[in-house]
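Quick note: numbers below take in every heavy atom, side chains included, and nothing from hydrogens, waters or symmetry partners. For the single chain, residues carry numbers from 1 onward in sequence order.
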Amino acid sequence: MNWMAWTTPSALFFTGIGCILFAMTCWELKSPCVARKGFLPITTTRGDRLFIGLLSSAFIHLGFIGMTELSIWLPFSVALVWLFIVMKWG
């Protein structure tokens with residue numbers, strides 16, 4: 001990863017996102033999803049909920065980084081719980 005000047009955490013982050021996308025693709029091929037309406041104000045598919053969850057997790061991290069001096073593990077934990085909630089009931 002030296003040719004891109006990436007740090008180990010950023011490489012792990014994007015590897016994790018790639019693994020999530022691969023797993024979602026396999027899940028979609030095995031069991032095609034049906035759009036449904038949860039607590040989100042729109043009808044969504046699994047992919048929509050993943051995108052909404054990841055995007056809102058980024059905002060959770062930015063909010064914590066911008067407004068507090070707390071450890072990054074706290075927003076990470078909050079973002080994981082939020083992603084689970086959106087994927088399950090969104």
Side chains of residues 74-90: which donor-acceptor partners sit under 3.5 Å, not counting sequence neighbours?
from	atom 1	to	atom 2	distance (Å)
Ser77	OG	Trp73	O	2.9
Trp82	NE1	Ser56	OG	2.5

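- Side-chain contact between Ser31 and Arg46: present, with at least one pair of heavy atoms (C-beta onward) separated by less than 4.5 Å.
- Note on Ile60 and Leu55: separate hydrophobic clusters, where clusters join Ile, Leu, Val, Met, Phe, Trp and Tyr whose side-chain heavy atoms are under 4.5 Å apart, directly or indirectly.
- Annotation for Phe22: hydrophobic cluster partners, listed by chain and number, are none (ILVMFWY side-chain heavy atoms under 4.5 Å, direct or chained).
- Summarising the geometry of Arg49 relative to Leu40, their closest heavy-atom pair is CG-CD1, 4.4 Å, with the distance given to 0.1 Å.
- Listed by first then second residue, pairs satisfying ring pair (Phe, Tyr, Trp, His ring centres under 6.0 Å) with a partner in residues 27-57 number zero, not counting sequence neighbours.
- Scanning both residues, Thr44 and Ile52, for their nearest heavy atoms gives CG2-CD1, 4.3 Å.
- To the nearest 0.5 Å, atoms CD1 (Ile20) and CD1 (Ile17) are separated by 4.5 Å.
- The shortest heavy-atom contact between Ile42 and Lys37 is N-NZ, 3.9 Å.
- The distance from the OG1 atom of Thr25 to the CG atom of Leu21 is 6.5 Å, given to the nearest 0.5 Å.
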